Amino acid sequence: MTKIHEPRRFGPGWPIRSASAGPDPTTALPSALTSPRAYSWYLGAAFSLFWVYSTIPDIVRHSTSALESTAGITLVVIFSLCFLAAAPVAWTLSTRGRLVVCGAIFAFTLVFAPWLGAGTVGLWTYPGVMIGMCVFSWTFTMTAIGALTVVALMVRTLTQPWSDALLIQPVIILSISLMMAAFARTIAVINELRATQTELEAVTAERERSRVARDIHDILGHSLTVITVKSELAARLMDADPQRARSEIEDVETIARGALADVRATVSGVRGTTASGELAAARGALAAAGVEAELPSSTDTVAAEHRELVGWVIREGVTNVVRHAGASRCRIHLSENRVTIDDDGRGPSAAIEVGSASSTGLRGLRERVESAGGSLHIGSGALGGFTLTATLPATATSPADNEGERP
């Protein structure tokens with residue numbers, strides 16, 4: 001038995017339109033009959049109905065009474081309406097339902113046999129067109145249309161003397177039906193591309209919102225932490241060392257202005273983070289918090305393409321040391337494929353566990369590192385406190401080949 005392709009989603013986009021695009025409101029009756037797609041179908045299908053109406057003179061000629069002629073003409077009108085509605089109705093159905101629609105159109109053509117006899121074959125173009133518009137698998141479509149063509153040829157040759165003219169109707173059935181099948185598939189591909197474009201736009205917008213939210217959290221989290229530490233230090237130094245306190249307040253103003261500029265740049269998508277810049281910022285933040293810092297003198301060991309990622313790791317790691325660790329010592333170690341930040345503070349806890357609901361910064365950092373092809377690990381470190389280790393993705397270029405950055 002010929003296998004019929006089951007659609008993934010109803011409507012003129014099946015069987016190509018993906019299920020993730022969701023249902024199309026124009027593919028449910030009765031809205032399917034009044035959708036823009038249906039009106040486009042009506043326009044083209046109406047022109048093809050001249051073939052049906054061309055049978056009216058034959059129906060009248062072969063009728064034995066006015067009542068029979070009226071019945072025949074009425075059937076022509078009903079067949080026309082059914083053919084117009086068949087495609088929009090089929091768009092709301094599964095494979096089995098569409099087979100029923102095609103079979104019903106074929107059966108309806110046989111109703112005209114009492115008037116047209118073998119000439120009924122001339123109406124078989126309409127079920128052929130419907131098979132094409134239902135977008136079955138190509139194997140089934142070719143088989144069904146081919147069988148319809150062969151049967152039409154057999155009826156013609158069995159009822160009339162052989163002549164080349166007997167091939168006209170079967171060839172018309174074959175050519176028009178296959179043409180409409182190709183046309184329907186083209187429309188299905190266009191609908192799929194439009195649906196995919198809509199999905200990509202939604203995904204892109206969501207990713208951009210996530211990027212902005214993550215970057216703003218990282219920027220403000222670090223900057224506000226440093227501002228808080230420096231403000232507390234300035235308050236303690238106000239009487240003992242006014243000059244130092246003034247210097248700390250000036251630093252607070254500078255950091256606040258820098259954070260504002262970073263937020264604006266992040267929203268516009270042009271902000272750049274570097275390992276050397278964050279290393280210099282870390283030195284100042286740790287010094288203000290009274291934490292002894294052991295920092296590398298340069299970022300030469302890090303590949304150029306990873307230095308922005310390393311900058312984000314340093315920023316988030318140092319922010320956590322200042323904010324949560326209660327540490328007196330912090331060490332940052334850089335290698336070709338790894339960044340490690342250790343402290344001698346409280347150590348890992350559920351409050352800062354990667355993946356926990358309360359750790360937005362570490363969760364965002366983990367997403368950032370993993371999206372770049374690396375991995376992030378936390379735990380107890382060599383200094384006895386908390387350690388944050390980011391493993392960087394492999395790179396084709398050697399760090400030694402790149403011009404080094406220095407804070």
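All figures in this text were calculated on a predicted structure; none of them were measured in a lab.
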Looking at side-chain heavy atoms only, is the closest gap between Ser380 and Thr387 below 4.5 Å? no
Looking at side-chain heavy atoms only, is the closest gap between Leu279 and Pro296 below 4.5 Å? yes
Would you check if the side chain of Thr141 reaches a backbone N or O of Ser137 as a donor-acceptor pair within less than 3.5 Å? yes
Can you confirm whether the side chains of Arg98 and Thr95 place a donor and an acceptor under 3.5 Å from each other? yes
Enter the distance from Ile190:CD1 to Ile187:CD1 here, rounded to the nearest 0.5 Å. 4.5 Å
Measure the CE-OG1 distance between Met154 and Thr149 for me, rounded to the nearest 0.5 Å. 13.0 Å
Could you grab the distance from atom CE of Met133 to atom CD1 of Ile131, nearest 0.5 Å is fine? 13.0 Å
Is there a side-chain contact between Tyr39 and Thr34 in this structure, where contact means two heavy atoms from C-beta onward sitting under 4.5 Å apart? yes
Dump the intermediate steps for salt bridge (charged side-chain N to carboxylate O under 4.0 Å, His left out) on Glu248 and Arg244, then the final yes or no. CA-CA 6 Å; Glu248 295 296 334; Arg244 173 77 183 279; 3.1 Å; yes
Any sub-3.5 Å donor-acceptor pair from Thr55's side-chain atoms to Trp51's backbone N or O? no
Rounded to the nearest 0.5 angstrom, the CD1-CD1 distance for Ile173 and Ile168 is 12.0 Å
Is any side-chain N of the basic residue among Arg366 and Glu370 closer than 4.0 Å to the acidic one's carboxylate O? yes
If we count only N and O atoms by modelled type, under 3.5 Å, do the side chains of Thr157 and Trp162 hold a donor and an acceptor together? no
Within the distance-only criterion (no hydrogens, no angle test), does the side chain of Thr186 pair as donor or acceptor with the backbone N or O of Ala182 below 3.5 angstrom? yes
Closest non-hydrogen atom pair between Leu33 and Tyr42, with its separation: O-OH, 2.8 Å
Electrostatic pair Glu278:Arg315 at N-O distance under 4.0 angstrom: yes
Would you mind reporting whether Leu123 and Val52 have side-chain heavy atoms less than 4.5 Å apart? yes
Indicate yes or no for a side-chain donor-acceptor contact from Tyr126 to the backbone of Ser48 under 3.5 Å, with no hydrogens or angles considered. yes
Minimal heavy-atom distance between Pro57 and Ser54, with the atoms involved, is CD-O, 3.3 Å
Verify side-chain contact (heavy atoms from CB on, under 4.5 Å) between Met130 and Phe106, making sure each step is shown before the conclusion. CA-CA 9 Å; Met130 196 53 52; Phe106 176 75; over 6 Å; no
Does Thr389 form a side-chain contact (heavy atoms from CB on, under 4.5 Å) with Val339? I'd like the steps, not just the answer. CA-CA 6 Å; Thr389 302; Val339 184; over 6 Å; no
When rounded to the nearest 0.5 Å, the distance separating CD of Glu294 from NE2 of His333 is 11.0 Å
For Phe386 and Arg346, run side-chain contact (heavy atoms from CB on, under 4.5 Å): C-alpha distance rounded to whole Å, both residues' side-chain angles, the deciding distance at 0.1 Å, then the answer. CA-CA 7 Å; Phe386 182 83; Arg346 300 187 184 94; over 6 Å; no
Any side-chain heavy-atom pair from Gln169 and Trp124 closer than 4.5 angstrom? no
Do you know the tightest heavy-atom contact between Pro170 and Ala152? CG-C, 4.2 Å
Could you tell me the separation between the CD1 atom of Ile341 and the CG atom of Leu383, rounded to the nearest 0.5 Å? 12.0 Å
Which atoms form the tightest heavy-atom contact between Ala293 and Leu286, and what is the distance? CB-CD1, 3.7 Å
Does either side chain, that of Ser328 or that of Asp344, offer a donor lying less than 3.5 Å from an acceptor on the other one? yes
Which heavy atom in Ser371 sits nearest to a heavy atom in Arg368, and how many Å separate them? OG-O, 2.8 Å
For a quick test of reading the model, state the closest non-hydrogen atom pair linking Ser69 to Ile59 and the distance between them. O-CG2, 4.5 Å
For the backbone of Gly385 and the side chain of Asp343, can you confirm whether one donor and one acceptor N or O come within less than 3.5 Å of each other? no
Determine whether a donor-acceptor pair (N or O, by modelled atom type, separation under 3.5 Å) exists between the side chain of His62 and the backbone of Leu116. no
Is there a side-chain contact between Phe140 and Leu99, using heavy atoms and a 4.5 Å cut-off? yes
For Tyr53 and Ser80, which I'm curious about, is there any donor-acceptor pair between the side chains at under 3.5 Å? yes
side-chain contact (heavy atoms from CB on, under 4.5 Å), that's the test. Do Ile332 and Val318 meet it? Break it down for me. CA-CA 9 Å; Ile332 299 178; Val318 171; 3.9 Å; yes
Parallel under 30°, tilted from 30 to 60°, perpendicular over 60°: which one fits the rings of Phe108 and Phe79? perpendicular
Flag the pair His377 / Ser375 as yes when at least one side-chain heavy-atom distance between them is below 4.5 Å, and no otherwise. yes
Any side-chain heavy-atom pair of Glu250 and Val252 under 4.5 Å: no
